Number of protein chains: 2
Amino acid sequence: MKILIVEDEQGLRENMLTYLSEDNNICESCADLATAITKLAGYQYDFVLLDIGLPDGEGFEILHYLKKEMRNEAVIIISARNSLDDRIKGLNIGADDYLVKPFHLAELKARIVAVFRRKAANSNNNLVFNEIVINLIGRTVFINDVEILLTRKEYDMLLYFIANKGKVIAKTALAEHLWGDEMDMHDNFDFIYSHIKNLRKKILDVTTNDYLKSVYGIGYKFTDK
Amino acid sequence: MKILIVEDEQGLRENMLTYLSEDNNICESCADLATAITKLAGYQYDFVLLDIGLPDGEGFEILHYLKKEMRNEAVIIISARNSLDDRIKGLNIGADDYLVKPFHLAELKARIVAVFRRKAANSNNNLVFNEIVINLIGRTVFINDVEILLTRKEYDMLLYFIANKGKVIAKTALAEHLWGDEMDMHDNFDFIYSHIKNLRKKILDVTTNDYLKSVYGIGYKFTDK
DNA sequence: TAAAAACTGAAGAAAAACTGAATTAAACTT
DNA sequence: AAGTTTAATTCAGTTTTTCTTCAGTTTTTA
């Protein structure tokens, strides 16, 4: 995991860095708000360990920043203050846990694991439609418990269809989704036809359900009705 | 710490006892299986240093005993150089590390500290995936009871794959994990290909299982399916 | 039933992945 | 510190996989 440690006490900071790095985490650290924001702006971390009392401001600002940017780093607040107010404030702004100094590094580690588990458990990794199960993490597709192997375009297509199940998807919209808007295809949908054909074949190899319907003149509709 | 030394070579046993006692450890020692079991039944230790070849049986029996009783003593196996199988077997049964004779007492001490740290952090010292056993402290990898020697990058890669088994790992993510974010590789994945090739070869030299799958256009997936 | 749209299989083009060997860099030795 | 060994990276050529194009066919609808 990629962890950012924001802590101004040098000794503690270095201890955390060393200790967590031993666990195959990639750790970075800094001692103030400004550097932390710079680092966060430049990179996506998994975890932020955040001291509240920093030389150039309160760690809460980082929580606000992360919230505003809709980032999903997990945050554990580390604070010398055990005041209930701080705790509530931090958790309200979006921290995942709160640790009061002094603490054992082993406990920090345990908290990190716990928070990470919780995060992972709460995010739904499967997209299900009838007998079709798409595992987003494994990037696998199972139909009737049989895995079907899809190319990138086919996979993206299926995902898009299932995310919009029951809706009519215009070929232009599909093209835009798969290739971005830089693709000019003036009247030529041959490549869509081609990928649709291949996707259909792979689906029909393992089910009799004809999910992928054509809508003449417009596009496609993914439905079981 | 309370340490039990199980070793039948008198000289080595006494050396360990003396050396480790200097560090404020409370040490006891014995030379055979039966005495060891008696001692363990009567007292809770922190550490067991375990020779495998004992006059009245194999040290493995102690590992089984500890496992059955759900004890949580940390165990470091001390084995003779030629018994490679013993080492792997030990790690599988639940030893936390192993040490090959002859060794420096300083190294033994270092291993004890390392094992203890990780135990305190409530983490397992071995990562096991099917016939693959990784000992995180010794940084060693065994597949089908054969040790495979990996370079740093290969080891880090394998660890990352196994920690994320079943998930698709994007090449970009892999690069970030191995080199941090300071690495800019705009379109050039040559070094990844290179390391992947070498890692694959080493794995396939000792197993027929093709664990490391390519996911065209994205990256890799480590899986046994 | 004619025109437009959609489909198909196959082939060519392009992209991505792989490989062995050469080069460069890093890590040990003495 | 120089030399040796080992590992990491780069490179150029090859193979594999996917994407796109094309020409001919079928389906749809007006």
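Note: hydrogens, waters and symmetry copies are ignored here, and every other heavy atom, side chains too, is used. In what follows, chains are A, B, ... by sequence order, proteins preceding strands, each numbered from 1. Source: prediction; values computed, not measured.
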Student: Specify the separation, in whole Å, of atom CD1 of B:I196 and atom C1' of D:dA7.
Tutor: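 Whole-Å distance recorded here is 16 Å.
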Student: Can you tell me how far C1' of D:dA8 sits from CG of B:D190, to the nearest Å?
Tutor: 13 Å
Student: Any side-chain N or O of B:K201 below 4.0 angstrom from OP1/OP2 of C:dG20?
Tutor: no
Student: Is a salt bridge present between A:D97 and A:R111, judged by a nitrogen-to-oxygen distance below 4.0 Å?
Tutor: yes
Student: I want to confirm an ordering. Mapping A:G217 and B:S214 to their closest nucleotides on DNA chain C, which one lands closer to the 5' end?
Tutor: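 Result of the comparison: A:G217.
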Student: To the nearest angstrom, how far is B:K202 atom NZ from D:dT6 atom P?
Tutor: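 Answer to the nearest Å: 12 Å.
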Student: Measuring to OP1 and OP2 of D:dT26, would you say a side-chain N or O of A:Y216 lies under 4.0 angstrom away?
Tutor: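 For D:dT26, OP1/OP2 do not have a side-chain N/O of A:Y216 under 4.0 Å.
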Student: Using a strict threshold of under 4.0 Å (side-chain N to carboxylate O), is an ion pair present between B:D23 and B:K109?
Tutor: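 Salt bridge: yes.
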Student: How far does the helix from C:dA13-D:dT18 to C:dT30-D:dA1 bend, going by the axes of its first and last five pairs, to the nearest 10°?
Tutor: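 Answer rounded to 10°: the end axes differ by 20°.
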Student: Would A:K101 and A:E9 pass as an ion pair if we require N to O under 4.0 Å?
Tutor: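 A salt bridge is present here (some side-chain N lies under 4.0 Å from a carboxylate O).
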Student: With under 30° as parallel and over 60° as perpendicular, where do the rings of A:Y160 and A:H177 fit, or are they tilted in between?
Tutor: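 The arrangement is parallel - the two ring planes meet at less than 30°.
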Student: Does OP1 or OP2 of D:dT20 have a side-chain N or O of A:W179 closer than 4.0 Å?
Tutor: yes
Student: Give the C-alpha distance, both sets of side-chain angles, the deciding distance and a yes or no for side-chain contact (heavy atoms from CB on, under 4.5 Å) between B:I77 and B:L63.
Tutor: CA-CA 10 Å; B:I77 288 181; B:L63 279 172; 4.0 Å; yes
Student: Rounded to whole Å, how long is the line connecting atom NZ of A:K171 with atom C1' of C:dA4?
Tutor: 11 Å
Student: Of the listed nucleotides (D:dT9, C:dA6, C:dA16), which one gets closest to any side-chain atom of B:Y193?
Tutor: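 Selected nucleotide: C:dA16.
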Student: Looking at A:S194, I'd like to know whether one of its side-chain N or O atoms comes within less than 4.0 Å of OP1 or OP2 on C:dC7.
Tutor: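 No.
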Student: Nearest whole angstrom, please: distance from the P of C:dC7 to the CG of A:L199.
Tutor: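 Checked: the CG to P distance equals 12 Å.
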Student: Distance check needed: C:dA15 P versus A:L178 CG, whole Å only.
Tutor: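 Checked: the CG to P distance equals 17 Å.
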Student: Aromatic rings A:Y211 and A:F222: how do their planes relate, parallel, tilted or perpendicular, breaks at 30° and 60°?
Tutor: parallel
Student: Between the main-chain N or O of B:K225 and the side-chain N or O of B:T223, is there a donor-acceptor pair closer than 3.5 Å?
Tutor: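 Checked: pair present.
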Student: If you pin B:K197 and B:G219 to their nearest nucleotides in DNA chain C, which one's is more 5'?
Tutor: B:G219
Student: In this structure, are over 12 heavy atoms from other groups packed under 6.0 Å from A:K201 atom NZ?
Tutor: no
Student: Please give, in whole Å, the distance from D:dT10 C1' to B:N198 CG?
Tutor: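 In whole Å, D:dT10 C1' lies 13 Å from B:N198 CG.
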Student: Rounded to the nearest angstrom, tell me the gap between atom CD1 in B:I192 and atom C1' in C:dA16.
Tutor: 13 Å
Student: Listed in order of residue number, which residues of residues 149-169 of chain A have a non-hydrogen atom at under 4.0 Å from DNA chain D?
Tutor: A:T151, A:R152, A:K153
Student: Please report the C-alpha distance between B:Y220 and B:K213 in whole Å, then the side-chain angles of each, then the deciding distance to 0.1 Å, and finally whether the side-chain contact (heavy atoms from CB on, under 4.5 Å) criterion is met.
Tutor: CA-CA 6 Å; B:Y220 299 91; B:K213 312 278 199 307; over 6 Å; no
Student: Partners of B:F161 by ring-ring contact (aromatic ring centres under 6.0 Å, His included), sequence neighbours excluded?
Tutor: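 With neighbours one apart ignored, the set is empty.
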